[in-house]
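Encoded as structure tokens, the structure appears first; notes follow it.
Everything numeric here is computed off the predicted structure, so don't read it as measured data. Values reported hereafter were calculated over all heavy atoms of this structure, with side chains retained and with hydrogens, waters and symmetry mates removed. Lettering of chains follows the sequences in order, A, B, ..., and the numbering in each one begins at 1.
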Amino acid sequence: MMQATPKTNNGRFFEDYRVGEVIRHAVPRTLKVGERALYHMLYPARHALYSSDVFAQASGLPFSPLDDMIAFHVVFGKTVPDISLNAVANLGYAQGRWLEPVWPGDTLTATSEVIGLKQNSNGKTGVVYVRTTGWNQHGAAVLEYVRWVMVRKRDTNAPAPETVLPDLPAALMPDQLVIPKGLDFTAYDFELAGEPHRWADYAIGEQIDHVDGVTIEEAEHMMATRLWQNTAKVHFDVTARSDGSRLIYGGHVISMARALSFNGLANAQMVVGLNGGAHANPCLAGDTVRAWSEVLDKAETSAPGVGALRLRLVATKGGAPFQLKGDDGKYVSDVLLDLDYWALVPL
Amino acid sequence: MMQATPKTNNGRFFEDYRVGEVIRHAVPRTLKVGERALYHMLYPARHALYSSDVFAQASGLPFSPLDDMIAFHVVFGKTVPDISLNAVANLGYAQGRWLEPVWPGDTLTATSEVIGLKQNSNGKTGVVYVRTTGWNQHGAAVLEYVRWVMVRKRDTNAPAPETVLPDLPAALMPDQLVIPKGLDFTAYDFELAGEPHRWADYAIGEQIDHVDGVTIEEAEHMMATRLWQNTAKVHFDVTARSDGSRLIYGGHVISMARALSFNGLANAQMVVGLNGGAHANPCLAGDTVRAWSEVLDKAETSAPGVGALRLRLVATKGGAPFQLKGDDGKYVSDVLLDLDYWALVPL
Amino acid sequence: MMQATPKTNNGRFFEDYRVGEVIRHAVPRTLKVGERALYHMLYPARHALYSSDVFAQASGLPFSPLDDMIAFHVVFGKTVPDISLNAVANLGYAQGRWLEPVWPGDTLTATSEVIGLKQNSNGKTGVVYVRTTGWNQHGAAVLEYVRWVMVRKRDTNAPAPETVLPDLPAALMPDQLVIPKGLDFTAYDFELAGEPHRWADYAIGEQIDHVDGVTIEEAEHMMATRLWQNTAKVHFDVTARSDGSRLIYGGHVISMARALSFNGLANAQMVVGLNGGAHANPCLAGDTVRAWSEVLDKAETSAPGVGALRLRLVATKGGAPFQLKGDDGKYVSDVLLDLDYWALVPL
């Protein structure tokens, strides 16, 4: 018998990243109507623009695009083997923009540019900042976002790199949002969409309890995460964490909360900006996920009949709605997700 | 912080319904080949007409339609937020007809007309009768059925409406059944379909034990129910019922039993009429669902080579086949479903 | 009430098979992009040729075919009602060849020729050898393989048939492998495929630990097995086995292990030959499946840039990698699968 050769990917460590390098992620993915159907099976997604070709056409689109979160999860999944296989923690998101809808039949690839590095004072880990871009088969960028993760060092004696911290505004400005070409909400059918609330009906500071809850099963979150070709061991392998639990992919919680937010935000049709996000506490199978939202800001757009809402979306696994942080400034233990995004809403 | 505004849907209560009103249900849904594949994953569906485009074409159809139950579940799901969100019980079905096949690519919407109201003597609840119709993107009705549910009153002091009870025959007459355009079973390949039994081989009164069983998991019934955009809390949220169990959507049991009935009724290809149905006992994860059938009636049709069988389909979670009701006239505890439908079978 | 009539299929017994007979299996199946998406949800499949139409086109194919294992599972599933419903054990595979890719939209049927029979000395069971062929709607064979199973006799007094044993070489010769028309790896993008290792980098005798693990849930293996219309009761019904467990379909383990083998064999793109395979020990929900591979042989092919590797793929549910059999020549208890196949790899 020969010796086993090192053919398997063990992921990158902190000292393997250089500011300015561009990593081309592996395994392009063609998404079709099968993935569209699965999204409706995995999440209680009901936003009409993604549910009906006819509704999408009445909104100026050629047909119903794939859910914006499908694009996010697929692009994110591609980055895992290169960015977060040895990550200790997913620290944050910023400056996320959906640049073009993803249509059934599109093939996505992803690249990440390292835009910041900072070794931690313990000398064992460091923070890596990347700007990830998803591309379609036409070479057009469909999504970009900044993510930063804490990554282990392979060799604690490796020298610390020069600290470079990217400039990351707390939120996208409304004029940075990209409105899908042709989008027009002037003939919007509120009854068919499910709720009468239009852009003008939402006030800054308003909070909405989305009421519904979903108890999560292992099979569901694993199938979802696998569908996005996300290979992080902790989601699939009970031996990967010391407590024998499978950690649920944070993006599963994002999609679940976004889908639950239909009840009160049925007309927040398209997600176009991701200002920030924190996976506040781990989510495990058996948790019953609920969601509430807060209107953080409002803006007009150049598209006919289309306004924008900046929304905080909070997912919880219990407790009362509208609780976020304790007196210590830390998230309360029932909060799973605190997401800050821009959505497009009919005027 | 502002006060939370009442943006979420709390559903209608008994006093919110008026005889004659037509409710236009929300969220149109485009169904494609993804949903087709999911049906074969969620249920042990093997009827050849829905499994193979080539078999469907040999039967005079352009290609394989979506399973008749997909149409039913999707239309039913749309009605939940308006009809059964505050329902105490789903009491019955009648006069259900599949009017046109649903093809991959079709977009379904649904409307319900209130055709009956009767307040219960306790003054706390009432029975609402609706005739629901599913429509495709061409404006053609694809499905219609009557359903009646017991709904809570918001205010027990609200006056009782005038009692109106619809006239609901026990079964559709054979000449009410709509045969899909072009359907022709004269070149039917029994070997390929899986069984040699033709219309003439079934006798009124004959009972068939479908033998196979499927033990149900939480993840499966939730994914199925979610796929139909059915939002009833009891199916998804362990906190919704006092015993912490998730009640399985009755339609999941219908589809499971119908699929299991392949073994003995492989040639009962298309479901065209729903005479009635009762969800006799709740189904929970862990139950092993089995099915048996009884031939209730037979009829010829105008289509070449096509006969119709009126069948009772009974789903159970244990016990011996062919047991239905006890001496007290009530369903025995192992019976989950008692469905009365018309199917099309080759002569 | 009439007596129940024997309309259900009870399967064939050993004495029902005749050498030379050809069984035409029931229920043709049209596979589309929905099944493609499901494969990526059920297994951590990442081989680029099956993930991306663009990658497949750069490899000389019109677009991405359905995973080779989808073809295998669907054809296998069709044979279950006729071959293995009363099987005691699935004993082996040999001479398996993928003859043509299966494309979304193809309709598969299957036939099996009985090529061997041998009654066991106990007189209660016998071994049936069949050569199964999968066909597409154009009448072209897409897959063929030999399988042998131990089947119960209905009547132990039935006379033993003449023993006929097929000649089954231990492996396909490289020139027996069918390379998909047009396949060309000369412009292969290793970075996009996920690993730099080419045909020349693999040495006979080399062993690869695929590292990753997946803990299996009941819902997942049942949905997968159902998707292939495999009706064997032991996979679905907790009452079918005396210990109340659901036996996981061996093909689920094959697909899981093949998908896990991406990590180290990302460029072993297409499976074209199945030399043999043993389901060494039962797999049950809760098992964490891992995989390792060994390079058994190498061969050149006539296609541009395309080499072939003969690989042993071993799935385990624990223990250290590279352990296969004990001193007694039997598989160690943690080994689930020992599969011997040919894959196509870029030169």
Contact origin within [X] toward chain C - heavy atom pairs under 4.5 Å:
X	value
B:Ala45	backbone
B:Glu191	both
B:Thr288	side chain
B:Leu265	neither

Taking every heavy-atom pair that is under 4.5 Å apart, which of C:Thr231, C:Asn10, C:Val33 has the most such pairs with chain B?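 Sorted descending by pairs with chain B, the first entry is C:Thr231.
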Please state whether the side chain, the backbone, both or neither of C:Arg36 comes within less than 4.5 Å of a heavy atom of chain B.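 Answer is neither: C:Arg36 stays 4.5 Å or more from chain B.
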Would you mind checking which part of C:Pro104 comes under 4.5 Å of any heavy atom in chain B, side chain (CB onward), backbone (N, CA, C, O), both or neither?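 Answer is neither: C:Pro104 stays 4.5 Å or more from chain B.
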Using only non-hydrogen atoms and a strict under-4.5 angstrom cutoff, which residues of [range] touch chain C?
range	value
residues 46-61 of chain B	B:Arg46, B:Ala48, B:Ser51, B:Ser52, B:Asp53, B:Val54, B:Phe55
residues 314-321 of chain B	none
residues 214-227 of chain B	B:Val214, B:Thr215, B:Glu217, B:Ala219, B:Glu220, B:Met223

- [ ] For the pair C:Asn136 and C:Leu108, evaluate side-chain contact (heavy atoms from CB on, under 4.5 Å) and give the outcome as yes or no after the intermediate values.
- [x] CA-CA 5 Å; C:Asn136 68 17; C:Leu108 299 190; 4.3 Å; yes
query = Are a donor atom and an acceptor atom from the side chains of C:Asp67 and C:Tyr43 found within less than 3.5 Å of each other?
reply =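 There is no such pair between these side chains.
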As an exercise, state the distance from [atom1] of [X] to [atom2] of [Y], rounded to the nearest 0.5 Å.
X	Y	atom1	atom2	result
B:Trp292	B:Gln323	CH2	CD	9.0 Å
B:Ser261	B:Leu313	OG	CG	5.5 Å
B:Arg198	B:Tyr202	CZ	OH	11.5 Å
C:Ile248	C:Leu336	CD1	CG	8.5 Å

Are any non-hydrogen side-chain atoms of [X] and [Y] less than 4.5 angstrom apart?
X	Y	answer
B:Phe185	B:Asn267	no
C:Leu143	C:Thr132	no
C:Tyr145	C:Phe72	yes
B:Leu296	B:Glu294	yes
C:Val80	C:Leu85	yes
C:Thr125	C:Phe14	no
B:Pro65	B:Met270	yes
C:His73	C:Asn230	no

Selection from B:Gly34, B:Gly194, B:Gly213, B:Ser64 maximising heavy-atom pairs under 4.5 Å formed with chain C: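 Greatest number of close heavy-atom pairs with chain C: B:Gly213.
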**Prompt:** What residues of residues 15-29 of chain C sit under 4.5 Å from chain B when only non-hydrogen atoms are counted?
**Reply:**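 When heavy atoms of chain B are the reference, residues 15-29 of chain C contributes C:Arg24, C:His25, C:Ala26, C:Val27, C:Pro28, C:Arg29 within the under-4.5 Å range.
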Between B:Asp328 and B:Lys330, is a salt bridge (Lys or Arg N to Asp or Glu O under 4.0 Å) present by the stated rule, with each step listed? CA-CA 5 Å; B:Asp328 56 2; B:Lys330 292 185 177 166; 5.2 Å; no
Query raised in the report: Salt-bridged, B:Arg290 to C:Asp237, with N to O below 4.0 Å?
Result: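 Judged by the 4.0 Å cut-off on N to carboxylate O distance, B:Arg290 and C:Asp237 do form a salt bridge.
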Exercise. Going through the checks in order, is the side-chain contact (heavy atoms from CB on, under 4.5 Å) test met by B:Asp212 and C:Lys233?
Worked result: CA-CA 7 Å; B:Asp212 300 310; C:Lys233 294 181 209 297; 2.7 Å; yes
(message) Please identify which of these residues, B:Glu206, B:His210, B:Gln207, meets the side-chain hydrogen bond (donor to acceptor under 3.5 Å, both in side chains) condition with C:Lys7.
(response)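 Considering B:Glu206, B:His210, B:Gln207, a side-chain hydrogen bond (donor to acceptor under 3.5 Å, both in side chains) with C:Lys7 is found only for B:Glu206.
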#### Entry: CA sep, side-chain torsions, deciding dist, call: B:Tyr331, B:Asp338, side chain to side chain donor-acceptor pair (under 3.5 Å)
CA-CA 9 Å; B:Tyr331 287 107; B:Asp338 179 14; 2.6 Å; yes
Could you label the plane-to-plane angle of the C:Tyr39 and C:Trp228 rings as parallel, tilted or perpendicular, counting under 30° as parallel and over 60° as perpendicular?
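Tilted, since the angle between the ring planes falls between 30° and 60°.
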